[in-house]
Amino acid sequence: MTIEEYNQAVDLFSDNLFRFILKNIQDEAAAEDIVQDAFEKLWIRLDEVDGSKARSYLFTTAYHTMIDQIRKMQRTTRLEKQHYSSLSHEEQYSDLKEVLTHALKLLPDDQRSVLMLRDYEGYSYREIGDITGLNESQVKVYIYRARTFLKNFITDPEKVI
Amino acid sequence: MKIDRSNYEAWFLDESEGKLSREEQETLRNFLLLNPDLEEEFNSLLRIKILPDPVKFEHKNDLKKVLPPEGTMINRFNFNLFAIAWIENDLLPEQRLAFEKLIREDAFFFSELEAMKKTVLLPEKVLFKGKAGLKKKPAVSRRIIPLITGLSAAAAVVLALILFTGNGKQEQTLPVAVLNKEVPVVNEKAENHENREEVRVNPLTIKSRQKEQPPDHNAPLKVVGTNAPAVTTDGDTLIGFNRNAIQIASADLPTGTLPEIRPVFDKIRPVYIPQITSYERNAPIQLVARKEFERLKMTLDNTEDLSLWDLASAGIRGINKVAGTDMTLMASRNKDGDVAGISFTSKAFSVSAPLGRGNE
């Protein structure tokens, strides 16, 4: 990978990578750190990473760094329980985007990551599996569960005006 | 390997796997004739040879996942499965057709699909502010250009310092000489490298410049022409020198002007500032710059005061390397060991001047 390709990767992927991390961890400063860390790792391995694989390398690196960080924050186990209990809350939303944004936060980390890689980045099941370390079946299951949860959340009449 | 009772098992195994050559098989047969008690063991080993038995797992296709399974009828309980598979484009062609037909005909399923469609996340535009900071520049731009700039600036500043402080005569235009190709180089020793010495031995320091030393009002300025003057008009080029600038002009001066300028090279022992070597000229600028900085660092480590000469040396060498020029800066020392004069030489012109301490 050349320096030009690296700089092109900054232009092409840093926004999306930042969005992916930010939507997952909801912490702008931490998301910036993770993005910078991913690009720094790419820079260090410039000679080893093929230019066409830069995007995948960045998302894989950032994803694992993010997971490590989430584990450190001890959030992983809490969210699975939280999203069921949150179904009964009384919040009201003005539009679908707000509902989805909130619902997305309630998804377990794995499901949220997989769904965002699918919808935001358009990755295939296999590519998502490569990034997250899951097999294709697991990816499909997580996507299924995530969409089912989101659909149930947004169709609850109490939650949408 | 010779067969004996300690290793015959290996021979038996090789024979059972067909790995023995004809000669080895003959050796094995002879061994068995001599050791008949092992013949039964040998024969039993051959009998228990396991042949590959093609076993197939018959339910392989059942393990393959199709979302939803082929032939499944769509109903209220599995609708989400179909709807998600439809969104993800995972349905088989016939499943897709059946599903879309159902959607068209059933209002409930239509509304359910519309709800499911809303789960598709639409990408938001999120900007990463630190993008510019992530970008990298080629190493030569990132590291070397500032060095080159620094070296050049150092050379310019130090040369200016030396030249501006090098003459005690203020506000007065110094003697002017005719720059002429026929003007001889006065000091032959200047060309003799053996007589040169490193200025670093006794560097001119800021501190030393504060020493009181009586100015030499008679110190002449010598301008020596070279074979390639910078400016020529009608054969003669003037170079004037005062505290503020080097002036280059063209004029016809009488030949008698020359004797008024007293050469001082006999008092100046030139101080050698090494030129760019042919190796360095072909070496990457990084290497030259690094060497110069190492040299400066050594000077800084060894002395309390920063040597202007070392800075000038580094700068001039940097300029020579970058610009392909061939400038040298030499200095002489007086009997007290202080630098007493300088000589600057380039392809265009040479200037020598005493270093005054200022009489104001």
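Protein chains get the first letters and strands the later ones, always in sequence-line order, with residue 1 at the start of each. Note that this is a predicted model, so its numbers are computed, not measured.
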| request: Go through the steps for A:Lys140 and B:Glu88 under the test salt bridge (charged side-chain N to carboxylate O under 4.0 Å, His left out), then give the verdict. | output: CA-CA 10 Å; A:Lys140 287 180 184 178; B:Glu88 300 292 345; over 6 Å; no

| request: Please identify each residue that fulfils salt bridge (charged side-chain N to carboxylate O under 4.0 Å, His left out) with A:Asp11, with sequence neighbours left out. | output: B:Lys135

| Student check: side-chain heavy atoms of A:Val10 and B:Phe128 closer than 4.5 Å | no

| message | Would you compute the distance between atom CZ of A:Phe39 and atom NZ of B:Lys131 and round it to the nearest 0.5 angstrom? | response | 9.0 Å

| After noting the C-alpha distance and the side-chain angles of A:Phe20 and B:Val126, does the key distance pass the side chain to side chain contact (heavy atoms under 4.5 Å, CB included) rule? | CA-CA 9 Å; A:Phe20 171 62; B:Val126 176; over 6 Å; no

| said: Using 0.5 Å steps for rounding, measure from the CG atom of B:Asn80 to the CZ atom of A:Arg145. | reply: 14.0 Å

| query | With no hydrogens and no angle check, is any side-chain donor or acceptor of A:Tyr6 less than 3.5 Å from a backbone partner on B:Leu134? | reply | yes

| Side chains of B:Lys129 and A:Phe18: closer than 4.5 Å at any heavy-atom pair? | no

| query | Heavy-atom distance under 4.5 Å to chain B: side chain of A:Leu17, backbone, both or neither? | reply | neither

| request: Identify the heavy atoms of B:Ile84 and A:Tyr144 that sit nearest to each other, and give their distance. | output: CD1-CD1, 3.2 Å

| note | Output for pair (B:Lys125 NZ, A:Asn16 CG), nearest 0.5 Å, gives 7.5 Å

| If you count heavy-atom pairs under 4.5 Å between each of A:Lys23, A:Glu121, A:Met116, A:Glu136 and chain B, which one has the most? | A:Lys23

| message | With a strict 4.5 Å heavy-atom criterion, list every residue of residues 109-122 of chain B that contacts chain A, or say none. | response | B:Glu112, B:Ala115, B:Met116, B:Lys118, B:Thr119, B:Val120, B:Leu121, B:Leu122

